[in-house]
Amino acid sequence: MRIHIVGAGAIAGMAGAYMAMNGEDVTFVDQWAEHVEAINRHGLIIDGIRGQHHLSIHAVRPDQLAEPLELVFIGVKSQHTEAAIAGIMPYLTPTATVVSLQNGFNAELIASLIGRERVIGTVPDYTAALVAPGLLEFTVEGPLYIGELDGQETARVQEISRLLAMVSTVKITPNIIGRIWTKQCYMAQIVMTATVDE
C-alpha cells in the first residue's frame with residue numbers, strides 16, 4: 001500500500017522516514033517548497049537520539065498531487081487541517097484511511113469532513129523537530145496511542161499500528177478520544193505552571 005505523509009514536519013515526517021527505512025512506499029507532501037526541494041535533491045537527513053540516517057524519499061507540494069491516496073498520515077498544524085483535507089479529498093480512494101498524527105482535536109474535525117469510518121486517531125508522545133529543509137531531529141522517545149474513533153480493534157488499526165511501531169512503541173486504545181482529552185488537560189497544566197513559575 002502506498003503511504004502519503006501530508007505535512008512532513010517533525011512528528012509525521014519522522015514516522016514516514018522510519019516507515020521508508022523499513023521498506024514501505026512513502027511519499028512526503030508538504031507546502032514548504034524549500035523542504036520538498038531539499039528532500040528531492042539531497043535526500044532526507046534524520047539526526048538526534050537514534051543517530052544519523054540519510055535516506056531517499058519522494059516529496060511533492062500539495063499542488064503537485066495527482067494520484068490516488070490509499071493511506072494518509074496528516075501532520076499539519078491544527079489550524080491548517082481543514083485546508084489540508086480539502087486539498088487531498090479529490091484524491092482519496094473509496095476505501096482510503098486518514099490518520100491524524102497531530103496534537104489537538106483534529107481526528108473528529110477530519111471525521112466531520114470525510115466521515116468517521118475513514119479516520120484513525122492517535123496521540124503521539126514522542127517528539128521531534130524540523131530543523132531545516134530536509135533535516136529532521138528525533139528528540140524524545142515516547143509511546144504513541146492509536147485507536148478507531150468508535151473504539152473497535154479492527155484489522156485496519158492493527159496494520160497502522162504495525163507501521164507506526166517502526167518509529168515508536170504503539171498502544172492500541174478503545175478510547176482514543178479520551179486519550180486525546182487527557183493529553184490536552186496535561187498540556188493545559190504545563191502551560192499554567194509555566195505561567196505562574198511553579
Side-chain angles (χ1 to χ4, degrees), residues 1-78 80-81 83-93 95-103 106 110 118-120 122 124-142 144 146 156 159-170:
M1 177 179 290
R2 301 187 69 183
I3 297 165
H4 288 77
I5 307 294
V6 177
I11 299 301
M14 194 63 66
Y18 273 86
M19 290 178 205
M21 280 191 274
N22 282 275
E24 301 294 334
D25 184 357
V26 178
T27 297
F28 278 6
V29 183
D30 201 276
Q31 66 179 355
W32 189 15
E34 290 86 350
H35 189 39
V36 170
E37 182 181 353
I39 292 169
N40 287 328
R41 182 172 294 181
H42 306 294
L44 179 69
I45 297 172
I46 303 293
D47 208 347
I49 57 175
R50 293 183 183 172
Q52 189 171 99
H53 305 275
H54 188 200
L55 60 151
S56 295
I57 293 182
H58 179 56
V60 298
R61 298 188 310 272
D63 61 358
Q64 295 173 318
L65 267 178
E67 59 196 42
L69 304 180
E70 302 170 296
L71 177 56
V72 178
F73 291 85
I74 297 287
V76 301
K77 297 293 186 185
S78 292
H80 302 305
T81 302
I85 296 300
I88 66 171
M89 208 178 297
Y91 306 103
L92 294 175
T93 65
T95 58
T97 297
V98 175
V99 182
S100 170
L101 267 178
Q102 305 162 277
N103 286 315
N106 298 296
I110 296 168
R118 302 175 104 176
V119 180
I120 298 285
T122 72
D125 280 343
Y126 65 89
T127 66
L130 174 54
V131 179
L135 174 59
L136 302 179
E137 181 183 10
F138 207 138
T139 52
V140 176
E141 293 183 308
L144 193 151
I146 178 174
R156 175 176 73 166
E159 172 60 11
I160 294 167
S161 174
R162 180 189 72 81
L163 293 170
L164 290 173
M166 296 171 184
V167 69
S168 177
T169 301
V170 177

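From a predicted model like this one, the values you see are computed outputs, not experimental measurements. All heavy atoms count here, side chains included; hydrogens, waters and symmetry mates do not. Sequential numbering from 1 along the given sequence is applied to the chain's residues.
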**Item:** Inter-residue atom distance Met21.CE - His54.NE2, 0.5 Å rounding
**Value:** 11.5 Å
**Message:** Using 0.5 Å steps for rounding, measure from the CD1 atom of Ile160 to the CD1 atom of Ile120.
**Reply:** 4.5 Å
**Prompt:** Who passes side-chain contact (heavy atoms from CB on, under 4.5 Å) against Ile11, sequence neighbours left out?
**Reply:** Pro124, Tyr126
**Item:** Side chains of Asn106 and Ser100, donor plus acceptor under 3.5 Å
**Value:** no
**Complete:** Partner of Phe28 under side-chain contact (heavy atoms from CB on, under 4.5 Å), picked from Ile39, Val36, Ile3, is Ile39
Could you pull out every donor-acceptor pair under 3.5 Å between side chains of residues 42-51 and any protein atom, sequence neighbours left out?
| unit_1 | atom_1 | unit_2 | atom_2 | d |
| --- | --- | --- | --- | --- |
| Arg50 | NE | Glu141 | OE2 | 2.7 |
| Arg50 | NH1 | Val167 | O | 3.1 |
| Arg50 | NH2 | Glu141 | OE2 | 3.0 |
| Arg50 | NH2 | Val167 | O | 2.9 |

**Any donor-acceptor N/O pair, Thr127 side chain to Thr139 backbone, under 3.5 Å** = no
**Message:** Using the side-chain hydrogen bond (donor to acceptor under 3.5 Å, both in side chains) criterion, which residues pair with Thr97? Sequence neighbours excluded.
**Reply:** Arg156
**Request:** Please report the closest heavy-atom contact between Ile5 and Gly13, naming both atoms and the distance.
**Result:** CG2-N, 4.1 Å
**Prompt:** Which atom pair, heavy atoms only, marks the closest approach of Leu101 to Phe73?
**Reply:** CD1-CD2, 3.8 Å
**Asked** Can you check whether Ile110's main-chain N or O pairs, donor with acceptor, with Thr81's side chain at less than 3.5 Å?
**Response** no
Solution key, residues 63-71 side-chain donor-acceptor pairs under 3.5 Å, sequence neighbours excluded:
| unit_1 | atom_1 | unit_2 | atom_2 | d |
| --- | --- | --- | --- | --- |
| Asp63 | OD1 | Arg61 | NE | 3.4 |
| Gln64 | OE1 | Arg61 | N | 2.8 |
| Glu67 | OE2 | Arg2 | NH2 | 3.1 |
| Glu67 | OE2 | His4 | NE2 | 2.5 |
| Glu70 | OE1 | Arg2 | N | 3.1 |

**Prompt:** Can you tell me how far the CG atom of Leu136 sits from the CE atom of Met14, to the nearest 0.5 Å?
**Reply:** 5.0 Å
**Closest non-hydrogen atom pair, Leu135 against Leu130** = O-CD1, 3.6 Å
**Request:** Can you see which heavy atom on Gly75 is nearest to which on Ala12, and at what distance?
**Result:** CA-CB, 3.7 Å
**Prompt:** Applying side chain to side chain donor-acceptor pair (under 3.5 Å), which residue pairs with at least one partner in residues 11-32 are found, sequence neighbours left out?
**Reply:** Glu24-Arg162, Trp32-Glu34
**Prompt:** Would you call Ile74 and Ile88 a side-chain contact if the rule is heavy atoms closer than 4.5 Å?
**Reply:** yes
**Item:** Contact summary for Ala128 and Ala10, nearest pair of heavy atoms
**Value:** O-CB, 3.3 Å
**Item:** Non-neighbouring partners of Ala84 that pass side-chain contact (heavy atoms from CB on, under 4.5 Å), sequence neighbours left out
**Value:** Val6, Val76
